[in-house]
Number of protein chains: 2
Amino acid sequence: MPRPSTPLLSPDRIRSVALAIIDRDGLDGLSMRKLAAELGVQAASLYGHVRTKDQLLNDIASSILSTVDVSGFTVDWREGLIRCARSYRAALSSHPNIVPFLAYGPAGREESLQRLDLLHGALVDAGWSRREATMIAAGLMYIVFGSALSSFSSGFSSDPADYTDRYPHLDRAHLLPGVARELDRDSFELALAAFVRGL
Amino acid sequence: MPRPSTPLLSPDRIRSVALAIIDRDGLDGLSMRKLAAELGVQAASLYGHVRTKDQLLNDIASSILSTVDVSGFTVDWREGLIRCARSYRAALSSHPNIVPFLAYGPAGREESLQRLDLLHGALVDAGWSRREATMIAAGLMYIVFGSALSSFSSGFSSDPADYTDRYPHLDRAHLLPGVARELDRDSFELALAAFVRGL
DNA sequence: CGACTAACCGAACAGTGTTAGGTTAACTCA
DNA sequence: TGAGTTAACCTAACACTGTTCGGTTAGTCG
């Protein structure tokens, strides 16, 4: 089937189906052949629209990061930090399966740097030194990414029975999926609040 | 060369050479064939000593995590938290290339849980509720893993020239490898101090 | 000495990302 | 309208990956 009347593929369509596969089957569940099949096409055809799989993932990651909103610095910097972190976390947790890739790759991602730059500028305006501002922004990212990764990997499947035997202090309530998500969010909020308050 | 007089392989030797490869060539640089070659052996032979590659990585991860020291809670809980976090970070940053695997896999790792259990117990003894203790421990892990991941990925290779153009606020000093490590450590210490102080 | 196990090897399987070369539809321009 | 070019797909293959099967032999135990 050579050159169909209306093109089957476009970078946008590829990205969106790829992200759907990642959301459904996890990061390892995405292969070029599977992606092609789901697009009704052979694997090789993808390479006319996408330079490489890594690049594809990077593009997807960037498009996710670009939904982060850092425009909350009008009030004061503490509130701004908290809003920015929440927005980051929201973006990441909407597609948790891609977070390991995000964390794996270079942190020097275009979209990330743009937002860090804004954040940094706002902190400097608030009176922090450049170096302090960098470290504060880094600390914020620690909490955001640490939280995103932990929630991703909280797919516990231990047996709650011997769990209590071996770890008597730990509350086993967080093994329940529903509770886990809520606890994750509360832990994030607590860490964020403590961090900002402690500055 | 079937069944040599003295065995060439042992789980320990496999683990140690595998970790050396990871440290040298990164996580993706480890393949069973390469590992086998470096052990003077064929790939298939590994499977007499190791159930699967994933299991091998898990074992390595566990042995790294088991070097974490959480015995610093004798003084007060704040100091205990800080020491525990430092020890965790030290363990992770001694083998930064394996951190993505650690973060990827289930957080419910045996060695991790054992230490979290101790930490949790100490926090409860100090007067926190069980739920609060869980969240505090989680927050601490956010900072530890976030920091470990960021340092891993600080292998920036951007061009410092257009860097300043595009991100005017950001200090580009951290692009220098030596400074990056120091800044990473300082950011970690700042985040940790702020978090603990803010509790 | 014979049986058995433990340790390694060669070859293969199914899967991966990626490339080269071919085929044909759609577009461009005289 | 017709020729030439480009763009979009295909088939086939390459070099990998983790893993398994069946074989071969050295060491060990009865």
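In what follows, chains carry the letters A, B, and so on, assigned in the order in which the sequence lines appear, proteins first and then strands, with residues in each chain numbered from 1. Just so you know, these numbers use all the heavy atoms, side chains as well, and skip hydrogens, waters and symmetry mates.
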Partner residues of A:Ser66 under the side-chain contact (heavy atoms from CB on, under 4.5 Å) criterion, sequence neighbours left out: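 Listed in chain order: A:Glu111, A:Arg115.
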B:Thr52 vs D:dG18: side-chain N/O to OP1/OP2 distance below 4.0 Å: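 No, because none of the side-chain N or O atoms of B:Thr52 sits under 4.0 Å from OP1 or OP2 of D:dG18.
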Nearest-nucleotide pick for B:Leu9, side chain only, options being D:dG18, C:dT18, C:dC8: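 Nearest listed nucleotide: C:dC8.
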Nucleotide nearest B:His49 (side chain, heavy atoms from C-beta), chosen from C:dC8, D:dC9, C:dG17: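 That would be C:dC8.
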Atom-to-atom span, [atom1] of [X] to [atom2] of [N] - whole angstrom:
| X | N | atom1 | atom2 | answer |
| --- | --- | --- | --- | --- |
| A:Asp54 | C:dT18 | CG | P | 8 Å |
| A:Ile21 | C:dT16 | CD1 | C1' | 15 Å |
| A:Arg51 | C:dT19 | CZ | C1' | 14 Å |
| A:Gln55 | C:dT19 | CD | P | 13 Å |
| B:Lys53 | C:dT16 | NZ | P | 16 Å |
| B:Ile14 | C:dA7 | CD1 | C1' | 11 Å |

Shortest non-hydrogen separation from B:Ala133 to B:Trp128 and the atoms involved: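 What the structure gives for the nearest pair is N-CB, 4.4 Å.
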Heavy-atom closest contact (B:Ala91 atom, B:Ile64 atom, distance): O-CG2, 3.7 Å
Residues in contact with DNA chain D, drawn from residues 32-48 of chain B - heavy-atom cutoff 4.0 Å: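 Here the set is B:Met32, B:Arg33, B:Ala44, B:Tyr47.
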Residues, nucleotides or ligands: over 12 heavy atoms within 6.0 Å of A:Arg24 CZ: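 Yes, CZ of A:Arg24 has more than 12 neighbouring heavy atoms, counting only those of other groups under 6.0 Å.
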Charged N-O contact under 4.0 Å between B:Asp184 and B:Arg181: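 Looking at B:Arg181 together with B:Asp184, the answer is no, because their closest N to O distance does not fall below 4.0 Å.
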Flag for A:Thr134-A:His120: side-chain donor and acceptor within less than 3.5 Å: yes
